[in-house]
Amino acid sequence: MAEEKSKNFIEEIVEEDLRTGRVKEIQTRFPPEPNGYLHIGHTKAMCIDFGIAEKYGGKCNLRFDDTNPEKEDVKYVNAIIKDIKWMGFDFGDRVYYGSDYFDKLYDYAVELIKKGLAYVDDLDADQIREYRGTLTEPGKESPWRNRSIEENLDLFERMKNGEFESGEKVLRAKIDMASPNINFRDPVIYRIKKEPHHRTGDKWCIYPMYDFAHPLQDAIEGITHSLCSIEFANNRPLYEWFLEKLEIPNPPRQYEFARLNITHTVLSKRKLRELVEGGYVSGWNDPRMPTLSGLRRRGFTPESIRNFIDLIGISRTNSVVDWGLLEHCVRDHLNKVADRRMAVLRPVKVVIENYPEDLVEEFDVENNPEDPSKGTRKVPFSRDIYIEEDDFMIDPPRKYFRLKPGGEVRLKNAYFIKCTGYETDENGKVTLIRATYDPASRGGESPDGRKVRGTIHWVSAKHAIDAEVRLYDMLFNVENPDDVPEGGDFKDNLNPESLIVLKNCKLEPSLKEAQPEEKFQFLRLGYFCVDNVDSRPDALVFNRTVGLKDTWAKIASK
RNA sequence: UGCGGAUUGGUGUAACGGUAGCACGACUGACUCUGGAUCAGUUUGUUGAGGUUCGAAUCCUUAAUCCGCAGCCA
């Protein structure tokens, strides 16, 4: 008996609508504006829009909300499509564009004029703002508000025909300049922009505003539930107003949910752009960016992201989710699917002095203890090996289970070795460790029941392949990057150690064929993924997605 | 001092008048050829004040705090 997962408020609404028969099939839409790259905040909307449709056997359209030619571009539509597909959501052949409906939208505007519900205004932008009033004071009516229907029709057509310059005139809905909801103070619904559009070219020089376009686009596509974020709640009455005045049958309904915030990062297009353009990161797909392309390059999986969104739930409460939960989700997934490999990131050489100099042995090592079906691989062993600098200490604290002078440790899947000596340079840095091995411990078994607490990873020196490894950490070192003293800036909180590049890391030879975006767990270190931009077959680059939980680090820091 | 929305452990989210639960985190312990994983357990919460009720996170009143809205952006 699977336990019942409680429903979120949107699912309750949908189920109620299905039950009462208000709708017979669910139709949603995911409406990104093609003016930037998708980030994990958009993923929440994506999961809700596609997820609700998926769950209730309905459909979700991808619709580009492209009503502002100044800001939008095809390069974004292609990137967005790529990201949605990567996330695994299905929009079939239903890729629509708000601009596909410009003709229909124009007709609706004409209809509004004919009903005496829209007028052409000659006020300029500044004047419109002045006339709008303030939050506490009502606005006042434009002197052009009461033009005749005929005159409005004529003017609007001439706007369309390009007889006026950009900004010279607008079409406004005629509602109520004294409304307590500012959105009702005769909102602009069409503006003149003599700009080519990325899809309609020069056909139009007037473009509809979001508030007018969105409900009608939804209606045209037969959307049943128009799901959006909470800042549109104030616009909902206006959304409904257009549908009502234009007498749209079975009108779509809008519901709002809180947008996603995550600690230690920023999720605003403006700020992300600032990071890219200021060179604080390498680009929109920098592995530290919360963009989908960045997360992908970092090694996050679509499954882990979807699970994350699932775990955080949906509500109308503003909230900030801990970045740690995202990390938990990716560890959880990668633990199950990522093959294990051995890699030494900060190598120090160990010479096993009683091991034959020319001997090479191969050990069978399991690829994933969580999944025996992943089988085993051969890992070569020889006299000279590399181990992690951190895995040897001359004068260790209590509870340090790794290698130390006179101490014994297990080399994972190989032998027990005992440290017999070491060499240091002038700075006291260990340059070489001498050891002996116990031939009876072959395979890592303790033949006499001898207890060895520590097990460390290693790579055979003569078989190792070199690679660059990029250690990524949180982009900001504070929970809320915007938390800065007077005159400060979110960029002041950038984590200077969000990227540490390690060259000459030593990897086990089976990694030679690793492909871009292939993911591994480097034993005892974390999850790593082949970089999809800079890695080359003869010069591998790995990105650290996330470290393993590190209990020792916690103990050591106490 | 306009209108709209919100407030449950450290964080996120359930409970729809009847035992405040789940997840993440934190902390114990067990186990372990990854100080990973796994397993067992502990910890912390209904914004305040009144009221209705046998019984309130839930209903009512009131207060506080936070968020959004004054683009020819979406």
Side-chain angles (χ1 to χ4, degrees), chain A residues 3 5-8 12 31-33 35 65-68 70-72 121 123-125 128-130 132-139 166-172 179-185 187-193 206-207 209-211 213-214 228-237 256 258 263 269 311-322 324-329 331-332 335-336 340 342 365-366 369-370 399-402 410-414 416 441 443-446 452-457 479 521-526 547-556:
Chain A
E3 89 251 28
K5 187 172 178 288
S6 58
K7 290 186 261 296
N8 63 57
E12 284 180 356
E33 184 186 11
N35 71 342
D65 214 338
D66 57 352
T67 55
N68 186 351
E70 281 174 9
K71 300 190 170 183
E72 296 146 7
D121 196 349
L123 257 30
D124 65 29
I128 285 178
R129 189 183 321 114
E130 273 172 46
R132 189 156 30 225
T134 68
L135 293 177
T136 50
E137 295 164 292
S166 296
E168 205 177 317
K169 285 180 169 34
V170 292
L171 183 70
R172 302 176 71 177
S179 173
N181 183 342
I182 291 185
N183 293 305
F184 270 68
R185 319 245 261 229
V188 172
I189 60 178
Y190 260 95
R191 73 285 215 196
I192 301 170
K193 278 183 194 284
I206 57 171
Y207 294 93
M209 297 285 287
Y210 170 88
D211 281 317
H214 209 83
C228 63
S229 51
I230 210 101
E231 65 267 30
F232 291 101
N234 294 326
N235 304 54
R236 183 179 357 114
E256 312 88 22
T263 63
K269 282 179 187 170
L311 286 180
I312 61 176
I314 303 169
S315 73
R316 293 174 60 89
T317 313
N318 290 321
S319 61
V320 185
V321 178
D322 200 318
L325 186 60
L326 221 204
E327 292 191 341
H328 161 79
C329 291
R331 280 192 195 102
D332 189 49
N335 178 46
K336 294 181 188 108
R340 273 56 169 172
M342 289 199 283
V365 177
E366 60 185 345
E370 304 289 318
K399 292 193 180 172
Y400 182 84
F401 303 142
R402 286 114 94 153
R410 174 189 292 111
L411 295 177
K412 174 82 178 168
N413 291 105
F416 289 1
S441 63
E445 303 294 339
S446 66
V452 174
R453 278 301 294 267
T455 300
I456 64 174
H457 61 278
E479 283 196 3
Q521 182 196 98
F522 286 174
L523 231 57
R524 303 206 305 132
L525 297 174
L548 249 25
K549 277 172 78 175
D550 191 347
T551 312
W552 167 245
K554 222 176 281 178
I555 295 169

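Just so we're on the same page: letters track the sequence lines, and every chain starts at 1.
- Rounded to whole Å, the separation between the P atoms of B/C22 and B/G45 comes to 15 Å.
- In this structure, CD1 on A/Ile182 lies 4.5 Å from CZ on A/Arg185, to the nearest 0.5 angstrom.
- A/Val170 comes within 4.0 angstrom of a base, heavy atoms only.
- Listed pair A/Arg191 / B/C73 meets the phosphate criterion, a side-chain N or O lying under 4.0 Å from OP1 or OP2.
- Spacing of C1' atoms, B/G55 relative to B/A26, comes out at 35 Å, to the nearest Å.
- Within the 4.0 angstrom heavy-atom criterion, base atoms lie near A/Asn413.
- Proximity of a side-chain donor or acceptor of A/Arg316 to a complementary backbone N or O of A/Ile230 within less than 3.5 Å is not detected.
- Salt bridge A/Asp332/A/Lys336: present, at least one basic N to carboxylate O contact under 4.0 Å.
- In this structure, A/Tyr210 does not count as stacked on the base of B/A74 under the 5.5 Å centre distance and 30° plane angle limits.
- Nucleotides B/A57 and B/G17 are separated by 13 Å at their P atoms, to the nearest Å.
- Within 4.0 Å of A/Lys193, counting heavy atoms only, lie sugar-phosphate atoms of the nucleic acid but no base atom.
- At the heavy-atom level, A/Val320 lies under 4.0 Å from the strands shown only through sugar-phosphate atoms.
- To the nearest angstrom, P of B/G68 lies 15 Å from CD of A/Glu256.
- Side-chain atoms of A/Arg410 come within 3.5 Å of backbone atoms of A/Gly444 as a donor-acceptor pair (strictly under, hydrogens ignored).
- As judged by a 4.0 angstrom heavy-atom cut-off over every strand, A/Ile128 is placed among the base-contacting residues.
- Rounded to the nearest 0.5 angstrom, A/Asp550 CG and A/Arg524 CZ are separated by 9.0 Å.
- Listed pair A/Thr67 / B/A74 meets the phosphate criterion, a side-chain N or O lying under 4.0 Å from OP1 or OP2.
- Within the nucleic acid shown, A/Gln521 comes within 4.0 Å of at least one base atom, counting heavy atoms only.
- A donor-acceptor distance shorter than 3.5 angstrom exists from the side chain of A/Ser179 to the backbone of A/Asn181, with no hydrogens or angles considered.
- For B/U34, neither phosphate oxygen OP1 nor OP2 lies less than 4.0 angstrom from any side-chain nitrogen or oxygen of A/Thr455.
- Residue contacts for A/Ile456: at a heavy-atom cut-off of 4.0 Å it reaches no nucleic acid atom on any strand shown.
- In this model, no side-chain donor or acceptor of A/Glu72 finds a partner on the base of B/C73 within 3.5 Å.
- Between the side chain of A/Glu370 and the base of B/U38, no donor-acceptor pair of N or O atoms lies under 3.5 Å.
- At a threshold of 4.0 angstrom between heavy atoms, the contacts of A/Tyr190 with the nucleic acid are absent.
- For the salt bridge (charged side-chain N to carboxylate O under 4.0 Å, His left out) with A/Asp121, the lone residue among A/Arg191, A/Arg132, A/Lys169, A/Arg172 that qualifies is A/Arg172.
- Remark: A/Thr317 is not in phosphate contact with B/G5, judged by side-chain N or O atoms under 4.0 Å from OP1 or OP2.
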Protein-nucleotides 69-71 of chain B N/O pairs under 3.5 Å:
residue: B/C69; atom: O4'; partner: A/Asn234; partner atom: ND2; Å: 3.2
residue: B/A70; atom: O3'; partner: A/Arg132; partner atom: NH2; Å: 3.4
residue: B/A70; atom: O2'; partner: A/Arg132; partner atom: NE; Å: 3.1
residue: B/G71; atom: OP2; partner: A/Arg132; partner atom: NH2; Å: 2.8

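- Counting non-hydrogen atoms under 4.0 angstrom, A/Ala125 reaches a base of the nucleic acid.
- With values rounded to the nearest 0.5 angstrom, A/Ile206 atom CD1 is found 10.0 Å from A/Ile189 atom CD1.
- In this entry the distance linking CZ of A/Arg316 with P of B/C67 reads 17 Å, nearest Å.
- Side-chain nitrogen and oxygen atoms of A/Lys336 include none within less than 4.0 Å of the OP1 or OP2 phosphate oxygen of B/U38.
- Residue contacts for A/Tyr400: at a heavy-atom cut-off of 4.0 Å it reaches a base atom on one of the strands shown.
- At the heavy-atom level, A/Pro138 lies nowhere under 4.0 Å from the strands shown.
- The base of B/G35 lies close enough to the side chain of A/Arg402 for a donor and an acceptor atom to sit less than 3.5 Å apart.
- Comparing A/Leu525 and A/Arg236 against RNA chain B, the residue whose closest nucleotide sits nearer the 5' end is A/Arg236.
- At whole-Å resolution of the value, CD in A/Glu137 and C1' in B/U1 are 11 Å apart.
- With values rounded to the nearest 0.5 angstrom, A/Tyr207 atom OH is found 10.0 Å from A/Glu72 atom CD.
- Contact of the A/His214 side chain with the A/Phe232 side chain is not registered, since no non-hydrogen atoms from C-beta on lie closer than 4.5 Å.
- Rounded to the nearest 0.5 angstrom, A/Leu411 CG and A/Met342 CE are separated by 8.5 Å.
- Heavy-atom distances to RNA chain B give each of A/Glu70 and A/Thr136 a nearest nucleotide, and the one nearer the 5′ end belongs to A/Thr136.
- If you take atom C1' in B/G5 and the same atom in B/A37, they sit 43 Å apart, rounded to whole Å.
- A sub-4.0 Å separation between OP1 or OP2 of B/U11 and a side-chain N or O of A/Ser319 is absent.
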Can you give one letter per nucleotide of nucleotides 23-28 of chain B, 5' to 3': B if a protein heavy atom sits under 4.0 Å from the base, S if only from the sugar-phosphate, - if neither? -SSSS-
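- Between B/U61 and B/A40, the two P atoms lie 46 Å apart (nearest whole Å).
- In RNA chain B, consecutive stretches of 3 or more Watson-Crick or G-U wobble pairs with both distances under 3.5 Å are given as paired ranges: B:2-7 with B:64-69, B:10-13 with B:21-24, B:26-30 with B:38-42, B:47-51 with B:59-63.
- Between the C1' atom of B/C67 and the CD1 atom of A/Ile230 lies a distance of 9 Å, rounded to the nearest Å.
- Base engagement by A/Leu123 is indicated by at least one non-hydrogen atom pair under 4.0 Å involving a base atom.
- Residues A/Asn235 and A/Asp211 have side chains that bring a donor and an acceptor to within less than 3.5 angstrom of each other.
- How far CD of A/Glu33 is from NZ of A/Lys269: 5.5 Å, rounded to the nearest 0.5 Å.
- Side-chain proximity of A/Asp124 to the nucleotides B/A74, B/U34, B/C72 is greatest for B/C72.
- A/Glu12 comes within 4.0 angstrom of a base, heavy atoms only.
- Residues A/Glu366 and A/Arg340 have side chains not in contact (no heavy-atom distance under 4.5 Å, counting atoms from C-beta outward).
- Between A/Lys193 and A/Glu70 there is a salt bridge, since at least one side-chain N of the basic residue sits less than 4.0 Å from a carboxylate O of the acidic one.
- Taking the C1' atom of each, B/U13 and B/U62 are spaced 28 Å apart, rounded to whole Å.
- Across the protein-nucleic acid pair, A/Asn35 atom CG and B/C73 atom C1' stand 9 Å apart, rounded to whole Å.
- One P atom belongs to B/G36, the other to B/U44, and the distance between them is 26 Å to the nearest Å.
- Annotated as syn: B/G71, whose O4'-C1'-N torsion sits within 90° of 0.
- Comparing the same atom, P, in B/C39 and in B/A23 gives a spacing of 11 Å after rounding to whole Å.
- Counting heavy atoms from C-beta outward, A/Leu171 and A/Val188 have side chains that stay 4.5 Å or more apart.
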